[in-house]
Number of protein chains: 2
Amino acid sequence: MPQSQDTADAELGWIGIPEDAGPDENAIYEQIHLAIARQDLSPGTRLREDHLRRIFGVSRARIRNVLTRLAYAGVVTLEPNRGASVTKPSPKDAHDNFVARRAVEDAIVRIAAGHIGPADRALLTANIEAESKARHDGDTAGMVWLSGEFHMLLARITGNRILEGILRELITREALVISTFERPGRPSCSHDEHHAILEALCAGDADRASRLMLGHLGNVEDRLDLDPPKKPADLAEIFGRHPTRV
Amino acid sequence: MPQSQDTADAELGWIGIPEDAGPDENAIYEQIHLAIARQDLSPGTRLREDHLRRIFGVSRARIRNVLTRLAYAGVVTLEPNRGASVTKPSPKDAHDNFVARRAVEDAIVRIAAGHIGPADRALLTANIEAESKARHDGDTAGMVWLSGEFHMLLARITGNRILEGILRELITREALVISTFERPGRPSCSHDEHHAILEALCAGDADRASRLMLGHLGNVEDRLDLDPPKKPADLAEIFGRHPTRV
DNA sequence: TCTCATCATATTGTCGACAATCAAAGGTGA
DNA sequence: TCACCTTTGATTGTCGACAATATGATGAGA
């Protein structure tokens with residue numbers, strides 16, 4: 001499949017990955033992680049070691065180490081002797097991820113309701129405005145990312161690094177879920193919901209904030225199309241293109 | 001500090017780590033992870049690459065990879081140019097871990113209340129009995145391990161691999177927390193609590209199971225001594241030994 | 001024309017050697 | 001006797017080369 005390979009490489013080439021990220025291993029990890037979280041790298045994209053090595057200007061060993069860690073985080077899938085690719089979540093993965101997220105976000109929002117300060121409020125408000133702008137500009141990837149950032153900001157308010165780390169993984173995986181299962185032409189519309197959650201938090205009403213958060217997450221999930229495994233699409237496309245010939 | 005080094009090495013040598021684990025990387029990972037979860041390796045123990053290499057009979061590169069993954073899981077701490085050691089959690093880490101655990105376990109127990117079947121019940125009952133036996137035998141490490149397994153069984157009942165994975169990490173870190181902060185001569189006494197949780201689950205009473213679970217986790221936390229950073233103890237010991245001389 | 005076996009290429013897996021760094025021991029001077 | 005500098009040994013960090021494996025192409029046979 002030379003074609004899909006090339007597209008994947010192209011995808012790696014232009015965006016997200018800067019010309020010369022330092023030799024710092026963590027930096028490389030963050031770069032790739034961010035590229036996936038921002039949907040610059042779509043599920044299924046192969047991540048060839050030699051290619052990454054040239055992009056980042058480091059030895060293969062280091063790339064390999066980074067890929068190992070990304071695989072542990074669940075955003076990259078490592079197949080023996082087949083290499084690494086951006087994880088393509090199954091419908092069950094998607095569902096499980098949502099369930100776990102509800103549990104974690106519920107806890108976070110309840111803690112945050114007691115911790116939120118003026119500085120936090122400013123950050124959250126700014127985020128909501130940025131997302132609003134992204135929607136206005138039609139930047140859907142930016143919207144998904146900013147939406148995730150809103151939730152990460154909430155996690156940071158709690159001061160609990162463990163919850164924060166867990167949520168980070170869940171949100172990154174959700175970016176993969178969304179780009180795999182999104183219904184075309186169905187924009188996410190979480191703007192008012194984020195705002196309502198913020199208000200409840202500022203009012204110190206943990207129960208209401210929790211209710212709003214769970215409803216919000218439910219809406220995001222409902223907006224997806226989890227039933228079909230999606231992408232035996234390739235075959236369907238081919239059949240559609242060449243009705244009965246060759 | 002040659003002495004603490006030697007004890008650490010000895011600790012590595014005899015227990016937990018079998019003579020010849022296969023060259024399978026995952027197997028090595030699991031071996032070390034298990035040894036930490038079972039408290040066979042105590043917090044602060046240095047994990048020298050060359051030493052591990054000889055024990056497992058593989059190349060250093062592989063050991064290095066495993067240590068990277070363990071560090072990501074938070075059970076091993078990697079200091080640049082200083083190597084790896086079993087993570088010694090701070091009091092804050094301990095607290096954060098408990099908070100996160102309450103969130104995750106609450107969700108798990110609520111889901112499990114709707115999913116539990118006869119086979120699950122048998123496994124859980126067997127676990128409770130095994131823990132009872134371990135207590136009777138005075139095998140505290142075994143008790144901690146079996147107690148963790150009880151919670152892992154609950155997670156498995158939910159069928160949610162993501163929640164299961166998250167809990168696994170939290171439980172492993174809790175083993176580190178316990179061996180770092182346990183009050184001497186204060187045995188954990190969760191026997192009846194596990195039993196009560198199981199009963200509530202079998203009755204399908206999610207709310208009661210949740211309440212019991214949260215109380216149970218709270219009890220475990222209360223049993224610890226989180227206030228002192230623990231171990232400037234070394235100095236105290238020295239001062240005690242040599243009252244005013246030299 | 002189709003199927004199957006064989007081969008060539010590209011990619012990953014594994015290893016050992018060397019360089020860089022750190023911690024402790026030993027030695028020098030005040 | 002103490003403090004400080006230098007040296008030595010041990011440990012980790014990094015890399016390049018080679019081996020193993022999978023994928024796609026080629027060609028022979030039915």
Side-chain angles (χ1 to χ4, degrees), chain A residues 1-13 20-29 32 44-72 76-87 234 238 242 244-246, chain B residues 1-13 20-29 32 41 44-72 76-87 234 245-246:
Chain A
M1 50 175 78
Q3 188 208 15
S4 98
Q5 207 172 79
D6 289 348
T7 37
D9 284 0
E11 216 170 335
L12 264 179
D20 62 334
D24 185 0
E25 196 165 302
N26 285 334
I28 299 176
Y29 178 91
I32 300 180
T45 304
R46 289 202 59 183
L47 301 171
R48 264 172 264 274
E49 297 178 357
D50 195 63
H51 193 188
L52 291 170
R53 177 185 68 79
R54 256 172 304 180
I55 290 175
F56 288 103
V58 300
S59 85
R60 249 185 69 216
R62 203 134 0 144
I63 292 296
R64 189 159 252 273
N65 216 15
V66 169
L67 289 175
T68 301
R69 289 163 58 192
L70 288 167
Y72 192 91
V76 154
T77 300
L78 238 43
E79 284 175 290
N81 289 319
R82 301 279 317 280
S85 58
V86 179
T87 298
D234 288 1
I238 292 172
H242 309 281
T244 41
R245 282 295 303 128
V246 172
Chain B
M1 53 173 78
Q3 186 209 17
S4 98
Q5 205 172 79
D6 289 348
T7 37
D9 285 0
E11 215 170 335
L12 264 179
D20 60 334
D24 185 359
E25 197 165 301
N26 284 334
I28 298 175
Y29 178 91
I32 301 181
L41 291 172
T45 304
R46 289 203 57 183
L47 302 170
R48 265 172 262 273
E49 297 177 357
D50 196 62
H51 194 187
L52 291 170
R53 177 185 68 77
R54 255 172 304 179
I55 290 175
F56 289 103
V58 299
S59 84
R60 248 184 71 214
R62 201 122 18 132
I63 293 295
R64 188 159 251 275
N65 216 15
V66 169
L67 289 176
T68 300
R69 287 163 59 191
L70 288 167
Y72 191 90
V76 154
T77 300
L78 238 43
E79 284 174 290
N81 291 318
R82 303 278 319 278
S85 59
V86 179
T87 298
D234 289 1
R245 279 297 303 128
V246 170

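What you see below is based on every heavy atom in this structure, not just the backbone, and it leaves out hydrogens, waters and symmetry mates. Chain letters run A, B, ... following the sequence lines, proteins first, then strands; residues in each count from 1.
Here dT21(C) is the nucleotide among dA23(C), dT14(C), dT21(C) with the atom lying nearest to any side-chain atom of N81(B). Relative to the side chain of R48(A), the nucleotides dT11(D), dG13(D), dT11(C) differ in distance, and dT11(C) lies closest. Comparing dC15(D), dT12(C), dT12(D) by their closest approach to the side chain of R46(B) singles out dT12(D). Side chain of R60(B), nearest nucleotide from dT11(C), dA17(C), dC15(D): dA17(C). Minimum atom distance to the side chain of R82(A) is reached by dA22(D), of the listed dT14(C), dC22(C), dA22(D).
Rounded to whole Å, atom P of dT11(D) lies 15 Å from atom CG of L67(B). Between the P atom of dT14(C) and the CD1 atom of I63(B) lies a distance of 13 Å, rounded to the nearest Å. The CG atom of L47(A) sits 14 Å away from the C1' atom of dT12(C) (whole-angstrom rounding). Taking atom CG on N26(A) and atom P on dG13(D), their separation rounds to 12 Å, with Å as the unit. Distance H51(B) NE2 to dT12(D) P: 12 Å, rounded to the nearest Å. The separation between E49(B) atom CD and dG16(C) atom C1' is 14 Å, rounded to whole Å. dC15(C) atom P lies 10 Å from atom CD of E25(B), rounded to whole Å. Going from atom CG of L78(A) over to atom P of dT12(C) covers 10 Å, rounded to whole Å.
For dT12(D), the OP1/OP2 oxygens have no side-chain nitrogen or oxygen of R64(B) closer than 4.0 Å.
From N65(B), atom CG reaches atom CZ of R69(A) across 11.0 Å, with rounding to the nearest 0.5 Å. The line from OH of Y29(A) to CG of L67(A) is 11.0 Å long, rounded to the nearest 0.5 Å. The distance from the CZ atom of R53(B) to the NE2 atom of H51(B) is 10.5 Å, given to the nearest 0.5 Å.
Mapping A61(B) and D50(B) onto DNA chain D via the closest heavy atom, the residue that lands nearer the 5' end is D50(B).
A donor-acceptor pair under 3.5 Å is absent between the side-chain atoms of R48(B) and the main chain of G83(B), judged by distance alone.
A side-chain N or O of T77(B) and one of T87(B) form a donor-acceptor pair less than 3.5 Å apart.
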